[in-house]
2 protein chains.
Amino acid sequence: MTTAPPSPRVLPHPTRDEIRLDSVLHALSDPVRLRIVSELADAEAALSCSRFDLPVTKSTTTHHFRVLRESGVIQQVYEGTAKMNGLRREDLDALFPGLLDALLVAARRQAARDARV
Amino acid sequence: MTTAPPSPRVLPHPTRDEIRLDSVLHALSDPVRLRIVSELADAEAALSCSRFDLPVTKSTTTHHFRVLRESGVIQQVYEGTAKMNGLRREDLDALFPGLLDALLVAARRQAARDARV
DNA sequence: CCCGTACTACGATGGCTATCGTACAAGTCG
DNA sequence: CGACTTGTACGATAGCCATCGTAGTACGGG
């Protein structure tokens with residue numbers, strides 16, 4: 001076995017066809033979660049939860065990541081004590097072509113408008 | 001005056017730069033409202049509230065239309081006793097290019113998947 | 001084995017919100 | 001005017017949810 005043994009701590013994810021637009025939109029309608037997704041998209045690689053500097057406590061952060069995972073927006077895998085987060089780009093693009101990119105552009109624009117204060 | 005006199009019943013709308021992505025996504029994260037927006041997009045013209053056959057009562061319908069208006073997704077104008085609803089396509093496209101179209105495609109795909117039950 | 005790091009679980013709380021029913025207002029048409 | 005259509009206002013309710021704090025678990029390193 002060259003790969004690490006499967007951790008007993010597995011996290012439930014929706015399969016591709018269990019992902020619902022309603023849930024995805026709800027997940028992204030929260031500013032904190034939208035920010036998480038934006039940073040994940042910029043990173044292009046999986047990031048641990050602690051890599052994010054969010055304006056909420058750790059328990060709230062856990063909550064947001066769970067919402068994103070359960071809606072199918074991100075994938076979470078344990079790696080030691082860290083939990084690595086990655087965008088489910090392939091699944092989202094297959095289900096809703098163009099949506100994720102449009103959302104990311106929109107988020108960037110909104111952030112730019114906000115900064116212009 | 002060839003046009004109708006301005007009704008005293010005017011409805012508050014956000015200006016274009018008051019429209020926030022968070023609010024738009026939140027407005028669209030409700031299945032009823034997403035359905036309203038889809039039908040509006042298909043219609044290409046303004047529709048009165050009563051043209052929609054929604055699985056909720058009239059008062060709830062009023063509520064949903066107000067959420068859509070206050071988030072900047074639709075525009076509402078009184079025309080006699082009817083209230084005409086139109087998508088704010090120009091504003092949304094200017095603010096978040098490609099987002100509305102991607103959302104409409106996504107909604108259509110989700111509906112198709114749901115029908116495949 | 002003990003400690004530190006990373007994250008979770010649980011319970012509480014306050015606020016939002018989708019829903020409804022009923023009563024009402026505004027406008028149109030006979 | 002009076003009836004009807006269309007939509008609103010208001011109050012109630014129940015459920016969801018973002019947030020927190022505290023206590024706890026899992027894992028890796030010394």
Side-chain angles (χ1 to χ4, degrees), chain A residues 3-13 20 22-37 39-40 46-71 73-86, chain B residues 3-13 20 22-37 39-40 46-71 73-86:
Chain A
T3 60
S7 166
R9 294 198 284 164
V10 200
L11 297 158
H13 289 77
R20 300 207 34 95
D22 295 349
S23 310
V24 170
L25 292 183
H26 170 250
L28 297 179
S29 68
D30 183 283
V32 176
R33 293 195 287 262
L34 196 53
R35 182 163 151 182
I36 292 174
V37 170
E39 292 190 28
L40 264 184
L47 294 178
S48 72
C49 296
S50 58
R51 293 285 291 273
F52 295 83
D53 186 31
L54 301 172
V56 292
T57 64
K58 256 196 305 182
S59 22
T60 305
T61 300
T62 297
H63 162 69
H64 285 308
F65 275 103
R66 184 172 52 225
V67 171
L68 286 171
R69 184 189 73 238
E70 291 178 347
S71 68
V73 176
I74 67 170
Q75 194 187 14
Q76 296 191 295
V77 180
Y78 277 108
E79 216 159 275
T81 69
K83 194 153 91 175
M84 304 307 289
N85 304 277
Chain B
T3 60
S7 165
R9 295 198 284 164
V10 201
L11 296 158
H13 289 77
R20 299 206 36 95
D22 296 347
S23 309
V24 170
L25 293 182
H26 171 250
L28 297 177
S29 69
D30 183 283
V32 176
R33 292 194 288 260
L34 196 54
R35 182 164 152 184
I36 291 174
V37 170
E39 292 190 27
L40 264 184
L47 294 179
S48 73
C49 296
S50 59
R51 293 284 292 272
F52 296 83
D53 187 32
L54 302 172
V56 293
T57 65
K58 256 196 310 180
S59 23
T60 305
T61 300
T62 298
H63 162 68
H64 284 308
F65 275 104
R66 186 173 51 226
V67 172
L68 286 171
R69 185 189 72 239
E70 291 179 347
S71 68
V73 176
I74 68 171
Q75 194 187 14
Q76 294 191 297
V77 180
Y78 276 110
E79 215 159 277
T81 71
K83 193 152 92 177
M84 304 307 289
N85 305 277

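Each chain gets a letter, A, B and so on, in the order its sequence line appears, and its residues count up from 1.
Comparing V56(A) and G80(A) against DNA chain D, the residue whose closest nucleotide sits nearer the 5' end is V56(A). Both P55(A) and A82(B) lie near DNA chain D, and the one whose nearest nucleotide falls closer to the 5' end is A82(B).
Rounded to an integer number of Å, the gap from CZ of R66(B) to C1' of dC10(D) is 11 Å. In this structure, the CG atom of L34(A) is 16 Å from the C1' atom of dA18(D), given to the nearest Å. For the pair I36(A) CD1 and dC7(C) P, the computed distance is 12 Å after rounding to whole Å. K58(A) has its NZ atom 12 Å from the C1' atom of dA23(D), to the nearest Å. Taking atom NE2 of residue H63(B) and atom P of nucleotide dC20(C), one finds them 11 Å apart after rounding to whole Å. The distance between atom CD of Q76(A) and atom P of dC7(C), rounded to the nearest whole Å, is 10 Å. In this structure, D53(B) places its CG atom 16 Å from C1' of dT6(D), rounding to the nearest Å. Separating the CG atom of D30(A) from the P atom of dA18(D) is a distance of 5 Å, rounded to the nearest angstrom.
Between the side chain of S59(B) and the base of dG21(C), at least one donor-acceptor pair of N or O atoms lies under 3.5 Å.
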Report the C-alpha separation of R51(B) and M84(B) in whole Å, then their side-chain angles, then the decisive distance to 0.1 Å, and conclude whether the side-chain contact (heavy atoms from CB on, under 4.5 Å) test is met. CA-CA 10 Å; R51(B) 293 284 292 272; M84(B) 304 307 289; over 6 Å; no
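Nucleic acid contact for S50(A): sugar-phosphate only, since backbone atoms but no base atoms lie under 4.0 Å from a heavy atom of the residue. Residue contacts shown for T61(A) are absent, as no nucleic acid heavy atom lies under 4.0 Å away. Using a 4.0 Å heavy-atom criterion, one finds that R33(A) contacts the sugar-phosphate atoms exclusively.
Under a 3.5 Å cut-off, the side chain of N85(A) and the backbone N or O of Q76(A) do not form any donor-acceptor pair.
The T81(A) side chain lies nearest to dT5(C) when the options are dA9(D), dT17(C), dT5(C). Closest approach to the V32(A) side chain among dG7(D), dT19(D), dA18(C) is made by dT19(D) (side chain taken as heavy atoms from C-beta onward). Relative to the side chain of H26(B), the nucleotides dG21(C), dT17(C), dC7(C) differ in distance, and dT17(C) lies closest. Comparing dC7(C), dT6(D), dT19(C) against the side chain of H64(B) picks out dT19(C) as the nearest.
Here the CG-CZ distance, from L54(B) to F65(B), works out to 6.5 Å after rounding to the nearest 0.5 Å. Atom NE2 in H13(A) sits 10.0 Å away from atom OG in S71(A) (nearest 0.5 Å).
Between L25(B) and the choices L25(A), D30(A), V24(A), the side-chain contact (heavy atoms from CB on, under 4.5 Å) rule is met once, by L25(A).
The phosphate of dC20(D) (OP1 or OP2) has a side-chain N or O of T60(A) nearer than 4.0 angstrom.
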